[in-house]
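Scroll down for the structure; my scribbles are underneath it.
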Amino acid sequence: MSRSLFGPSFLRLESAMSAREQAQNVYASNIANADTPNYHADTRRFADFFAQHQSTSGHLLKTNARHLDASPSSALIGGVFHRSNEAVRMDGNTVDTRKEMTLMAENQMMHELNMQILKGRLTGMANVIKEGSR
């Protein structure tokens, strides 16, 4: 059984990094529009973007019947989701700045964790290469 140097785990890490970046952009956009009248907060999260990346790269596996469908035609992919159950201010805006800041901070910490995992794997590969050249 041959395994490629950069197997499925690296592809998942790549998808996670990209999904974290997209989620961060959503949070930043929501915060930037916190004072825009009639702006409805975008509700897409990391899981939405990660599912999209995994389904387009063909590596997403549905291992349980209760898992959400993340096929390209599912509701998780594409489109902008707006909050309908959130409190609407008098100006029609639905952004909860505290909630968005919390989500943004959590996403940043997870991005940093993802980077540490990736760095560890690459360091391990570099060590193998160094030892192999002796």
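Both backbone and side-chain heavy atoms feed into the values below; hydrogens, waters and symmetry mates do not.
Side-chain contact between Ile117 and Leu113: present, with at least one pair of heavy atoms (C-beta onward) separated by less than 4.5 Å. Considering only heavy atoms from C-beta on, Asn114 comes within 4.5 Å of Leu13 through its side chain. Leu122 has its side chain within reach of Phe10: a pair of non-hydrogen atoms, C-beta onward, lies under 4.5 Å apart. When side chains are defined from C-beta on, Gln22 does not count as touching Asp48, because their heavy atoms never get closer than 4.5 Å.
No more than 12 heavy atoms of other residues, nucleotides or ligands shown are found within 6.0 angstrom of CD on Glu14. For Gln108, the CD atom sits in a packed shell: over 12 heavy atoms of surrounding residues, nucleotides or ligands are nearer than 6.0 Å. Other residues, nucleotides and ligands contribute over 12 non-hydrogen atoms within 6.0 Å of the CG atom of Asn25.
Across all non-hydrogen atoms, the minimal contact from Val95 to Asn93 is N-OD1, 2.7 Å.
Connectivity analysis of hydrophobic side chains (ILVMFWY, heavy atoms under 4.5 Å, direct or indirect) links Met115 to Met17.
Side chain of Thr102 to main chain of Arg98: a donor-acceptor pair is present (N/O by atom type, distance under 3.5 Å, no hydrogens or angles). At distances below 3.5 Å, not a single donor-acceptor pair connects side-chain atoms of Asn30 with backbone N or O atoms of Tyr27. In this structure, Asn33 contributes its side chain and Ser29 its backbone to a donor-acceptor pair below 3.5 Å.
Expressed to the nearest 0.5 Å, how far CZ of Arg20 lies from CG of Asn107 amounts to 5.0 Å.
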